[in-house]
Amino acid sequence: MKIASFNINGIKARIMALTDWLSAAEADVVVLQEIKSIDEAFPRAHFEDLGWNVETHGQKGFNGVAILSKLPIEDVMRGLPGDESDEQARYIEATVVGDKAVRIAGLYLPNGNPVPGPKYDYKLAWMERLRIRSAELLASEMPVVMLGDYNVIPETRDAATPKKWEDDALFLPQSRAAMRAIQWQGWSDAIRLRDPWSTRGPFTFWDFQGGAWSKDDGIRIDHMLLSPQAADLLVETGVDREARAAEKPSDHVPVWLRLAA
DNA sequence: ATGGTCGGTGCCCGA
């Protein structure tokens with residue numbers, strides 16, 4: 001089972017780039033972030049005609065997440081538990097059934113800038129809610145893949161120019177500590193497993209501004225965390241870096257993994 | 001040296 005995550009930065013603008021990537025990547029399950037669309041406006045039929053089951057959790061203008069799956073989707077949960085008043089569409093969870101059932105959590109963690117301020121407070125509060133949910137997912141003892149745009153640069157080696165990010169919500173010590181508090185519950189960082197001693201990257205995001213792509217001035221903020229039961233099934237992982245050079249690219253590239261499931 | 005990029009929306013905000 002091939003599982004991928006792609007922050008597409010607008011489904012309307014990216015429908016062709018996404019469709020092209022989907023046909024080349026041959027994934028079974030794809031979580032999307034920043035669809036920037038309400039559920040009713042998502043081009044559901046376009047993807048259903050290509051053989052995808054589609055579950056969305058959208059809102060007007062910003063944010064929005066979705067799951068596309070060639071496999072049956074069960075037990076969909078929309079929204080991150082822990083705050084009934086939170087109206088931002090950033091979390092979707094579902095079970096996909098291949099040879100084995102795998103619980104998929106697709107997330108778009110808040111950016112948090114500027115710091116300090118209410119947006120950073122919201123980011124940290126959201127991460128605390130995610131920490132509570134991720135503990136519940138581990139306790140299920142299912143194979144779980146929790147993946148998406150975490151908006152956290154975990155380590156210095158995850159940024160080409162770390163100095164630039166020193167005061168940024170993506171790299172502040174508190175953000176990184178909150179990320180570690182989740183990971184150290186017992187999750188495996190799938191991308192890092194491929195090349196554990198890498199001193200640079202791999203990157204998953206290059207800003208549209210300042211020619212970041214041409215300078216390879218990237219960061220690693222899209223992550224795939226595996227429960228022990230999922231890590232036991234891991235056979236391959238990758239970052240589709242070349243997608244950043246496509247026509248009308250997103251600022252993120254897809255990340256993916258393959259499970260023996 | 002300076003200002004620089006997108007997408008979605010609606011004449012600006014979020015990233």
Side-chain angles (χ1 to χ4, degrees), chain A residues 5-21 31-44 46-47 56-66 79-80 86-91 106-127 130 147-154 158-172 174-176 178-179 203-223 240-255:
Chain A
S5 171
F6 195 176
N7 180 324
I8 54 171
N9 193 1
I11 186 62
K12 293 179 196 75
R14 218 69 67 203
I15 185 162
M16 285 325 297
L18 175 60
T19 302
D20 291 345
W21 174 78
V31 298
L32 303 174
Q33 302 88 40
E34 286 203 84
I35 63 173
K36 296 189 177 180
S37 164
I38 57 174
D39 294 334
E40 295 73 24
F42 190 88
R44 161 183 293 273
H46 169 82
F47 294 104
T56 60
H57 179 42
Q59 70 177 89
K60 189 179 168 71
F62 310 104
N63 306 324
V65 290
L80 181 64
D86 184 2
E87 292 182 345
Q88 299 195 33
R90 297 178 171 277
Y91 189 86
L107 63 95
Y108 175 47
L109 206 146
N111 175 293
N113 284 302
V115 184
K119 291 188 176 176
Y120 194 55
D121 297 342
Y122 174 69
K123 177 178 192 143
L124 293 177
W126 203 94
M127 293 184 82
L130 182 63
L147 75 171
D149 178 359
Y150 280 72
N151 268 317
V152 175
I153 303 166
D158 294 312
T161 49
K163 201 155 196 60
K164 208 163 94 167
W165 299 93
E166 262 172 7
D167 301 318
D168 193 285
L170 276 60
F171 194 52
L172 282 173
Q174 260 187 295
S175 309
R176 297 162 61 191
M179 180 84 194
F203 305 132
T204 66
F205 169 93
W206 296 260
D207 203 302
F208 286 127
Q209 298 186 62
W213 169 245
S214 62
K215 291 185 277 194
D216 194 24
D217 187 6
I219 52 177
R220 186 172 77 102
I221 54 174
D222 299 271
H223 305 296
D240 284 348
R241 182 185 160 92
E242 65 280 3
R244 190 62 177 79
E247 277 300 305
K248 291 255 292 171
S250 170
D251 40 8
H252 294 252
V253 295
V255 299

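Note on naming: letters A, B, ... go to the chains in the order of the sequence lines (proteins, then strands), and numbering restarts at 1 for each one. Because the structure is predicted, anything quoted here is derived from the model rather than measured.
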Asn7(A) versus Glu34(A), side-chain donor and acceptor atoms under 3.5 Å: yes
Verify whether one side chain among Lys36(A) and Asn9(A) offers a donor that lies under 3.5 Å from an acceptor in the other. yes
To the nearest Å, give me how far apart [atom1] ([X]) and [atom2] ([N]) are.
X: Asp251(A); N: dA15(B); atom1: CG; atom2: P; answer: 12 Å
X: Gln33(A); N: dA15(B); atom1: CD; atom2: P; answer: 14 Å
X: Gln59(A); N: dG8(B); atom1: CD; atom2: P; answer: 14 Å
X: Ile15(A); N: dG8(B); atom1: CD1; atom2: P; answer: 11 Å
X: Arg90(A); N: dG14(B); atom1: CZ; atom2: P; answer: 11 Å
X: Asn7(A); N: dG14(B); atom1: CG; atom2: C1'; answer: 12 Å
X: Ile153(A); N: dA15(B); atom1: CD1; atom2: P; answer: 15 Å
X: Lys12(A); N: dG7(B); atom1: NZ; atom2: P; answer: 12 Å

Name all residues meeting the side chain to side chain contact (heavy atoms under 4.5 Å, CB included) criterion together with Asn63(A); count only those two or more places apart in sequence or in a different chain, and write none if there are none. Gln59(A), Gln88(A), Arg90(A), Tyr108(A)
Checking Asp216(A) now: which residues fulfil side chain to side chain contact (heavy atoms under 4.5 Å, CB included) with it, not counting sequence neighbours? Arg200(A), Phe203(A), Trp206(A), Arg241(A)
Closest to the 5' end of DNA chain B, once Gly112(A) and Ile11(A) are matched to their nearest nucleotides, is Ile11(A)
Given DNA chain B, 5'-ward residue of the pair Phe62(A) and Ala13(A), judged by closest heavy atom: Ala13(A)
Distance check, [atom1] atoms only: [N] and [M], in whole angstrom units.
N: dC13(B); M: dT9(B); atom1: P; value: 16 Å
N: dT2(B); M: dC6(B); atom1: P; value: 23 Å
N: dA1(B); M: dC12(B); atom1: C1'; value: 28 Å
N: dC11(B); M: dG7(B); atom1: C1'; value: 16 Å
N: dA15(B); M: dG4(B); atom1: C1'; value: 15 Å

Please, which pairs that meet salt bridge (charged side-chain N to carboxylate O under 4.0 Å, His left out) have at least one residue in residues 242-255 of chain A, sequence neighbours excluded? none
Can you tell me how far the CD1 atom of Ile219(A) sits from the CG atom of Asp158(A), to the nearest 0.5 Å? 9.5 Å
Would one find a side-chain N or O of Lys119(A) under 4.0 angstrom from OP1 or OP2 of dG14(B)? yes
Just distance, no hydrogens or angles: give the donor-acceptor pairs under 3.5 Å from side chains in residues 207-215 of chain A, sequence neighbours left out.
{"residue": "Asp207(A)", "atom": "OD1", "partner": "Gln209(A)", "partner atom": "N", "Å": "2.8"}
{"residue": "Ser214(A)", "atom": "OG", "partner": "Gly211(A)", "partner atom": "O", "Å": "2.9"}
{"residue": "Lys215(A)", "atom": "NZ", "partner": "Gly210(A)", "partner atom": "O", "Å": "3.0"}

Pairwise N/O distances under 3.5 Å, protein to nucleotides 3-6 of chain B:
{"residue": "dT5(B)", "atom": "O4'", "partner": "Phe208(A)", "partner atom": "O", "Å": "3.2"}

Heavy atoms only, 4.0 Å cut-off, all strands: where does Tyr108(A) land among base, sugar-phosphate and nothing? sugar-phosphate
Winner on side-chain proximity to Lys60(A), out of dC13(B), dA15(B), dT9(B), is dT9(B)
Salt bridge (Lys or Arg N to Asp or Glu O under 4.0 Å) partners for Asp222(A), two or more places apart: none
